[in-house]
Amino acid sequence: MRKALTLAAILVASTANIALAQGKLIAVSWKTFQEERWKHDEAAIKAVVEAAGDKYISTDAQNSAQKQAADIESLIAQKPDVILVVPFDSDAILPSIKAIQNAGIKSIAYDVQFEDPNSLYITYDNVGVGKLMAQTMLAKGKKSGNFAYVKGDKGDPNSAFLAMGFESVLKPEITAGKIKVVCDNNVDGWKPDNAQKVMEQCLTANNNKIDAVISENDGMASGVVAALAAQGLAGQVAVTGQDGDTAALNRVALGTQLVSVWKDSAVLGKRAGEAAVAMANGTPISKLKGVIKFADGKHHVSMPAILLTPDAITTANLEDPIKAGHVTKAEVCAGVAAGKVAACN
Amino acid sequence: MATEQSSKSATAKSEGLIRTFLKATELDVRILGMLGALLLVWCTFDVLSGLIQPNASIFSGLFLTPRNLWTLLVQTSSIAVMATGMVLVIVMRQIDLSVGSMLSMLAVAGAMVQVFMLGPWLGVGHPIIWVAGVATCLVLGTLVGVFNGVLTAYLQIPSFIVTLGGLIAYSGIAFLLASGVTIAPLDQTYDIIGGGVPQSWLGPMWSWVLGLAACALIVFGILSGRKQRRRFSFPLRPVWAEIVLASIGSAAVLLTTYVVNSYPWPFGLIKQYAQDHNVTIPVGDANSDGNAICMAGDQVVRCMDGLVYYTGYAVPVLIALMVGAVMTFVATRTKFGRYIYAIGGNPEAAELAGINTRMVTVKVFALMGFLAGLSAVISSARLDAATNALGQSNELYVIAATVIGGTSLAGGIGTVYGALLGALLMQSIQSGMQLLNLPAAFQNIVVGTVLVMAVFVDQLYRRRVK
Amino acid sequence: MDAPLVELRNISVSFGGVKAVDDVSVNLYPGEVVGLLGHNGAGKSTLIKILSGAYKRDGGKIFINGEEVQISNPRDAKAYGIETIYQALALADNVDAAANLYLGRELKTRWGTLDDVAMEAETRRVMGRLNPNFTRFKEPAKSLSGGQRQSVAIARAILFNARILIMDEPTAALGPQETRMVADLIHELKRQGIGIFLIDHDIHTVMDLCDRASVMKNGKLVGTVNVKDVTDDDILGMIILGKQPEKAA
């Protein structure tokens, strides 16, 4: 009962606001706020939308497909111009997307794809993250030798996307016999302590003859580096990661991790906000900046997409996440000897 | 016909000998079975890992090397510590599903105290920091355990539900505490507890001292047991059986000590230590198979005969062994332990005998919480980081280790040393399969199968004994 | 006359609205055996569990040596020297005889640890007196026979110098020889001045062993009679009809 009342109050309040506001209405259906990152996304979208004189509303599906369908119905009732959706379930969401379009509202798949030819998909290029790891490894880390793959949870499709990316880059070197993959393991639940055990056994099996480790994220990289440190190898073996974790950026500064691929959610939010505002003002999707055709999804439906390139953070550009306010200089540079890393001076 | 009979009688005779041996030494057959299974697993992995080497032979195995066995012990410690507590929980007919999430929560809390609260205030490396980090984990762990115990014992909510709720809720708290970020690096002194740094390796001398002390304790225990029984003129075990027991016990201790004392420091760490402490590195010929370091010209190289250090016992392994000893003592030699078993055997009888069963329940859960705190210290120190992912789903491994170690989920039956062996067996399988570079999915299948098989064999044995 | 050893006055208990024991008063003098008789569900065991602290009463008072006492759990009862041998043989099945005998009152060494050897020695002594054939001191209680378990339960009750002993069908699981042994034991305890409440189905056992008998039916006390003054049939009448025989009234 109280829920219904609150909902009614929100409806009344927002309708009133629409009447008052001159601008457009942009809505977001989030799949969850349980993870910290979505707050950053929201702040970025909201900033762009409000700067354009438009209004921002949102719902949180709390990791439930049913709740998300109901959320979208209530959003449609408020007659927004564009709805951005972070689907909890990419397939179950499709009827809701249809309903959005039937109401004459434009839809955007934000960061997580649903396959609908009339919607815009905006995300970081996940296969690209894997590629970027391998490219950075070849350019700034090790070009040859014994490589170990520490992959994420076997049930997570992202782990496979990442592997697809780095394997495509490393393949020519492997065929040429320059790189030998000596360990290749999935880590249950992307857990750092499991990654540590995997790395320990890999080092034992190869008598420490490991030159590079492709770790699919920063959490697992922390376990890998702990295992390397116990063998006195931290800093000698090049290690990759992704997420731009504070601890990982600190390891990059300390030299124990080569690269952390960073997908700045503030940038993603900003680009999505801009696209939404443009679409609300009548710009067709195909006329937006950077739109390409994307058909690499599960069902290979071709849809317009904006794929952002992530940043490979190494010692060379450590100041980027600091400048972006993602981490502080003190956090990144903790324990770093003076004069060693430019970003810490 | 005649041969058949004679072979039959020969079998009967050898069976008789085995029975006499077991009866005289009062050894637990199931533990012997587990040791057998452990040896079988070890040898299998050793042979298999030898066969996949470039120059394949059954003698080039990697599993039964000091390095792998040493790593195996360190990898087992965290689960082993919690398994000793889980034995008592399960013996008392309760369950604690929340230990994994508790570990996450406590590790994150302990790390926050070090890195966010005390680090900036006292300055990195201040001795209070590691003490406070450890204390946070242990005290909070005990309190959470008391909370679980009070809900179970006094509010009469089944422990399965209380700790299932805990499993879900504590992992949420672990996430919220640090909003999901990895906290690293931790205090350097704190890291000693994890076993990943040279300061946490005892070295051969102290390892031998401890090993010999343990042998002395075994002999003392057997002698004082004899003296006690003589005081009341009870039947004594035959002297030969006592000698066999003392020898087996001492041999196991000394062999383990020998193995950990044979694992040399990794090359890079010897080099670093020599540089940091101005140790002169002897001149010698390079040899890539050597464990020592030498100077060849101005290069530091591997060599057979040069500067070398050996690790000995690592701190987390010592902690696990000591926890095992203390918990065995608690379970078998104290009133508290006796009550736990009595409650597990017949809760009503225990209550009618005047035991405060609720208080005992709370204490057991508190002890479990304390041990989860200790494991949180070991795991986070070992990783040199704490995240909310650390320790998740550990409860399954802890319960599996306990059950593989012969603890009955029906309550009343279980031993601490069985749980320690169960933890070692399970980690052996996982580490062995990683050594063979088998996929993670395959490892899960094997560990799951072993768990079910172990319980099945155990029940077969019990039915036969009845 | 002295104050009775135990006096239960106007005791009532109900479970979910059903009065299991309804305003019952009984007493027990030193060196006396009082039998409690009645059908299953008459309330005998419930009444006795109030005295032993296993159940909480809703109404009534308990006096020991003329003084009112509070008994709210088994620990309180033991503190007043009340020991109970339960019908369901309350033993912990997974531990041995000595551990069961000393459960809740373990002997300790000067280091504070369990003194298993001393406990086993004392157990051997007591059991030797009670059941000389008993030798399975190292085995868990669940592998013992009914009679052996019963002797462990009795040994536990008499080991701690009980003043008041409650026996709930002590001979139910026993053979003739063991039953005779229990009878001898009751005579011996009586001589030592211990008061005994004996619950039994068997009228003959009660007639042989008891000084007085209290009969219960449907939670109420039918009456208490001197065993010497009545016949088996009188008591049977009390049990079945719920009526006091005229000559004893």
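Just so you know, these numbers come straight off a predicted model, no measurement behind them. Below, all heavy atoms of this structure are taken into account, side chains as well, without hydrogens, waters or symmetry copies. Letters A, B, ... mirror the listed sequences (proteins, then strands); counts begin at 1.
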Hey, are the side chains of A:Leu203 and B:Arg67 touching, using non-hydrogen atoms and a 4.5 Å cut-off? yes
Under 4.5 Å from a heavy atom of chain B, the part of A:Asn206 involved: neither
Tell me, out of B:Val74, B:Leu435, B:Asp191, who's got the most heavy-atom pairs with chain A below 4.5 Å. B:Leu435
Go through the atoms of B:Thr182 and report whether side chain, backbone, both or neither lie under 4.5 Å from a heavy atom of chain A. both
Could you have a look at A:Ala195, A:Gly189, A:Ala205 and say which one has the most heavy-atom pairs with chain B under 4.5 angstrom? A:Ala205
Got more than 12 heavy atoms from elsewhere within 6.0 Å of CD, B:Gln188? no
Flag side-chain contact, heavy atom, 4.5 Å: B:Pro266 against A:Leu233: no
Should B:Asn444 and A:Asp188 count as side-chain neighbours, where that means a heavy-atom distance under 4.5 Å? yes
Would you mind checking which part of A:Asn208 comes under 4.5 Å of any heavy atom in chain B, side chain (CB onward), backbone (N, CA, C, O), both or neither? both
So what's closer than 4.5 Å to chain B heavy atoms on A:Thr246: side chain, backbone, both or neither? neither
Can B:Asn437 and A:Asn185 be said to form a side-chain contact (heavy atoms from CB on, under 4.5 Å), step by step? CA-CA 7 Å; B:Asn437 208 9; A:Asn185 250 307; 3.2 Å; yes
For B:Gln430, is it the side chain, the backbone, both, or neither that has a heavy atom closer than 4.5 Å to a heavy atom of chain A? neither
With side chains defined as the heavy atoms from C-beta onward, is the minimum distance between A:Asp245 and B:Val181 less than 4.5 Å? no
What part of A:Lys154 gets within 4.5 angstrom of chain B, counting heavy atoms only: side chain, backbone, both, or neither? side chain
Are B:Thr387 and A:Pro192 side-chain neighbours, meaning at least one heavy-atom pair lies under 4.5 Å? yes
Contact leader toward chain B among A:Ala247, A:Gly335, A:Cys202, where contacts are heavy-atom pairs under 4.5 Å: A:Ala247
State, without any angle test, whether B:Asn68 and A:Gln201 hold a side-chain donor-acceptor pair at a distance under 3.5 Å. yes
With heavy-atom distances below 4.5 Å as the criterion, would you say the side chains of A:Lys191 and B:Leu383 are in contact? no
Contact origin within A:Val225 toward chain B - heavy atom pairs under 4.5 Å: neither
Show the nearest heavy-atom pair for residues A:Asn186 and B:Ala440, with the distance to one decimal. O-CB, 3.3 Å
Identify which part of B:Trp201 has an atom lying under 4.5 Å from any heavy atom of chain A, answering side chain, backbone, both or neither. side chain
Bottom line for B:Gln272: the part with an atom under 4.5 Å from chain A's heavy atoms is neither
B:Ile270, part contacting chain A, at a heavy-atom distance under 4.5 Å: neither
Could you give the distance from CD (B:Gln392) to CG (A:Asp193), rounded to the nearest 0.5 Å? 9.5 Å
Evaluate the side-chain proximity of B:Gln434 to A:Glu200: yes if any heavy-atom separation is below 4.5 Å, no if none is. no
Could you check whether any side-chain N or O of A:Gln196 sits under 3.5 Å from a backbone N or O of B:Arg382, counting only pairs where one atom can act as donor and the other as acceptor? yes
If you tally heavy-atom pairs under 4.5 Å between each of B:Ser379, B:Gly391, B:Gly268, B:Ala184 and chain A, the highest tally belongs to B:Gly391
